[in-house]
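Presented below is the structure to which this report refers.
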Amino acid sequence: MCIQQSLSIDAASPRSPRGIKTWPASAWMAIVLVLAFTPSLRAGDWPQILGPERNGIASDAGEGLWQQTPRVAWQIPCGSGYSGVAVVDGKVFLWHRVDDQERLDCCRLSDGQRLWQANFPATYGGGFNNDRGPRCVPVVDRGTVYVYGAAGDLHAVAASDGKPIWSRTLRQDYAAEDGYFGAGSTPIVSGGTVVVAVGGDEGHGIVGLDRKSGRTVWAATDLTADYASPIAFDATTVIVPMRFQTVVLNAADGEIVFEIPFGQRGLNVIGATPTRVGERLLLSASYRIGAELVDLSKRPPEIVWSGDDILSSQYNSGIVRDGYVYGIHGREDMGAATLRCIELATGKVQWSEEGYGVAHLIGVGDRLIAQRTDGTLELFAADRSKFQSLGKMELPPGTYRALPALSGGKLVCRMSDGEQSKLLAVDLTAAGADQK
């Protein structure tokens with residue numbers, strides 16, 4: 001999810017109950033056996049939200065990057081929306097809105113040249129934020145691109161030429177509400193199933209679709225969708241953040257394995273995608289909800305630590321490197337945000353860089369790249385003892401809320417600023433590139 005939380009919304013209601021539902025021991029055995037499984041991907045690709053494993057970490061070590069000040073290699077105009085891009089096999093997939101169309105453009109990573117385009121009717125009328133473009137990052141899986149629009153329409157097209165494969169009007173089909181900002185939870189593909197947090201009625205909170213046909217194969221829960229995106233739990237199971245519960249279910253049949261209460265009633269959202277580290281799950285949100293680390297190996301799962309004063313992330317996901325979490329503590333709409341390093345095991349804050357501002361983070365080897373909303377790019381060390389800046393550059397003027405993608409030595413960023421919105425690629429290699 002990548003949206004502007006432009007309204008000040010605070011919750012006065014008490015927290016939801018913190019009890020965690022239990023499940024059969026046989027289910028636990030199956031989970032433990034495959035918990036560490038992670039599918040392999042082509043090195044350098046960025047095929048979905050937050051990269052190859054949905055954890056914000058690049059698949060290469062980043063040698064040779066940022067030896068000199070990076071330069072903008074190319075930039076092209078784009079439409080509205082806060083959707084970041086996916087990059088696969090040297091192709092950039094941009095999902096945006098132009099007039100009354102939601103548009104998927106496929107461009108070359110090397111020079112930004114458009115290769116093909118696919119258009120779909122745009123029906124989202126807007127909410128608390130006046131931007132009516134899509135919020136979800138494209139998902140590229142086995143030659144197919146899946147894009148989820150702001151009104152809850154899901155489309156599958158061929159990655160080679162943009163030819164439509166199937167489309168579903170999911171929120172309309174299942175009577176789901178738009179929420180504060182429209183649909184904003186990027187679907188996930190697990191095996192042969194596309195898992196979507198729809199938030200529909202009559203048991204259609206989460207649906208599983210056949211990835212080839214788009215047919216609904218199962219539906220689960222009455223929970224309302226939110227803005228954090230699902231992640232893989234193991235080879236067959238996914239973790240789906242919803243409004244008041246984080247649900248772990250089997251992607252093939254929708255069977256719920258367990259649920260973890262997370263969230264609170266009132267005007268708020270769950271926007272930061274959770275991070276799984278081995279047998280532990282990091283959850284975080286602003287609006288007086290805060291963060292908690294859940295031990296998934298316990299029966300039932302146990303909260304290791306929690307606190308709103310540790311990490312209160314509005315929509316930026318934390319990056320875990322060598323047992324430490326680097327994340328943004330604070331809210332964009334409140335005008336204050338801090339970059340923090342936190343010990344994962346204990347929740348102890350190691351250091352804070354006050355007034356840093358809201359930023360998306362990408363882990364590259366033993367360093368991290370921060371893309372701030374004000375257009376500042378910064379390279380800093382994954383150092384638990386202190387904040388250590390290693391380099392900085394300013395992007396073209398504008399606001400950068402969309403998630404960046406890193407592939408082939410280029411950081412692909414999206415600037416959303418009304419009619420002046422742009423997609424640009426920043427060359428992070430040693431030689432840089434001519435600015436255009």
Side-chain angles (χ1 to χ4, degrees), residues 1-6 46 49-51 55-58 62 65-66 69-73 75 78 81-85 129 131 135 137 227 271-273 275 284-286 311-319 321 325-342 351-364 367-383 386-406 410-418 420-428 435:
M1 166 271 187
C2 188
I3 56 175
Q4 175 191 12
Q5 312 287 2
S6 60
W46 197 270
I49 185 171
L50 293 169
N55 59 5
I57 297 175
L65 297 184
W66 211 304
T69 301
R71 298 180 181 178
V72 175
Q75 53 185 301
C78 67
Y82 299 115
S83 168
V85 302
N129 185 286
D131 186 291
R135 282 84 167 98
V137 178
Y227 293 92
T273 295
T275 302
S284 183
S286 289
L311 184 65
S312 179
S313 183
Q314 191 175 29
Y315 63 91
N316 310 94
S317 298
I319 306 297
R321 304 305 285 157
V325 183
Y326 300 85
I328 298 298
H329 176 73
R331 287 168 51 176
E332 180 180 337
D333 55 319
M334 299 298 288
T338 300
L339 174 64
R340 281 188 169 176
C341 173
I342 301 157
W351 53 257
S352 293
E353 187 72 7
E354 302 293 335
Y356 193 81
V358 172
H360 292 301
L361 307 178
I362 292 178
V364 187
R367 298 172 293 171
L368 294 100
I369 297 172
Q371 175 200 274
R372 298 190 209 174
T373 55
D374 65 4
T376 301
L377 282 185
E378 187 162 23
L379 181 72
F380 66 96
D383 186 336
K386 62 182 182 302
F387 173 71
Q388 182 182 357
S389 179
L390 302 175
K392 188 183 294 188
M393 73 166 290
E394 299 299 326
L395 297 172
T399 303
Y400 293 79
R401 293 191 179 92
L403 283 157
L406 178 59
K410 290 185 174 64
L411 189 73
V412 186
C413 308
R414 183 172 175 184
M415 183 269 283
S416 298
D417 196 11
Q420 304 300 316
S421 297
K422 295 179 180 179
L423 182 72
L424 52 100
V426 180
D427 196 326
L428 300 178
Q435 186 164 339

Expected output: side-chain Tyr400 to main-chain Leu395 donor-acceptor under 3.5 Å: no
Does the pair Ser83 and Arg135 meet the rule for a side chain to side chain contact (heavy atoms under 4.5 Å, CB included), with working shown? CA-CA 4 Å; Ser83 168; Arg135 282 84 167 98; 5.9 Å; no
Give a yes or no on whether the backbone of Cys341 and the side-chain of Glu353 come within a donor-acceptor separation of less than 3.5 Å. no
Parallel, tilted or perpendicular: which fits the ring planes of Trp351 and Phe380, with parallel below 30° and perpendicular above 60°? perpendicular
Using a 4.5 Å cut-off on heavy atoms from C-beta on, say whether the side chain of Leu424 contacts that of Pro396. yes
Can you find a pair of side-chain heavy atoms, one from Val412 and one from Val426, that are under 4.5 Å apart? no
Report the distance from atom OG1 of Thr338 to atom CD1 of Ile328, rounding to the nearest 0.5 Å. 8.0 Å
CZ of Arg414 to CG of Leu423, rounded to nearest 0.5 Å, is 7.5 Å
Go through the structure and list residues passing salt bridge (Lys or Arg N to Asp or Glu O under 4.0 Å) with Arg372, not counting sequence neighbours. Glu378
Please check this pair: side chain of Asp131 against backbone of Gly81, looking for a donor-acceptor N/O pair closer than 3.5 Å. yes
Output, in order, the C-alpha distance, side-chain angles, deciding distance and verdict of side chain to side chain contact (heavy atoms under 4.5 Å, CB included) for Met393 and Thr69. CA-CA 7 Å; Met393 73 166 290; Thr69 301; 4.1 Å; yes
If I take atom CG from residue Asn55 and atom OG from residue Ser317, how far apart are they, to the nearest 0.5 angstrom? 10.0 Å
Residue among Leu406, Ile319, Thr275 satisfying side-chain contact (heavy atoms from CB on, under 4.5 Å) with Ile57: Ile319
Steps toward side-chain hydrogen bond (donor to acceptor under 3.5 Å, both in side chains) verdict (Arg340, Ser352): CA-CA 4 Å; Arg340 281 188 169 176; Ser352 293; 3.0 Å; yes
Under a 4.5 Å cut-off applied to non-hydrogen side-chain atoms, are Tyr82 and Leu403 in contact? no
Distance col, row Leu411:CG vs Asp427:CG, nearest 0.5 angstrom, shows 10.5 Å
Kindly give the heavy-atom pair with the smallest separation between Asn316 and Ala272, and that separation in Å. O-CB, 3.7 Å
Between Leu339 and Phe387, is any pair of side-chain heavy atoms under 4.5 Å apart? yes
Using side chain to side chain donor-acceptor pair (under 3.5 Å) as the criterion, list what pairs up with Thr376, not counting sequence neighbours. Asp374, Glu394
Is the distance from the ring center of His329 to that of Tyr356 below 6.0 Å? no
How long is the span from the CD1 atom in Ile362 to the CG atom in Leu379, to the nearest 0.5 Å? 11.5 Å
Taking side chain to side chain donor-acceptor pair (under 3.5 Å) as the test, write out the residues that go with Thr399, two or more places apart. none
Indicate the atoms forming the closest heavy-atom contact of Met415 with Gly398, along with that distance. CG-CA, 3.6 Å
Are side-chain N/O atoms of Arg401 and Thr373 paired as donor and acceptor at under 3.5 Å? no
Which is it for Val85 and Trp46 under the side chain to side chain contact (heavy atoms under 4.5 Å, CB included) test, yes or no, and what are the steps along the way? CA-CA 8 Å; Val85 302; Trp46 197 270; over 6 Å; no
On a heavy-atom basis, which atom in Trp66 and which in Lys392 lie closest, and how many Å separate them? CZ2-N, 3.7 Å
Separation of Ser286 OG from Met334 CE (nearest 0.5 Å): 10.0 Å
For Ser313 versus Ser284, what's the shortest heavy-atom pair and its separation? N-OG, 3.1 Å
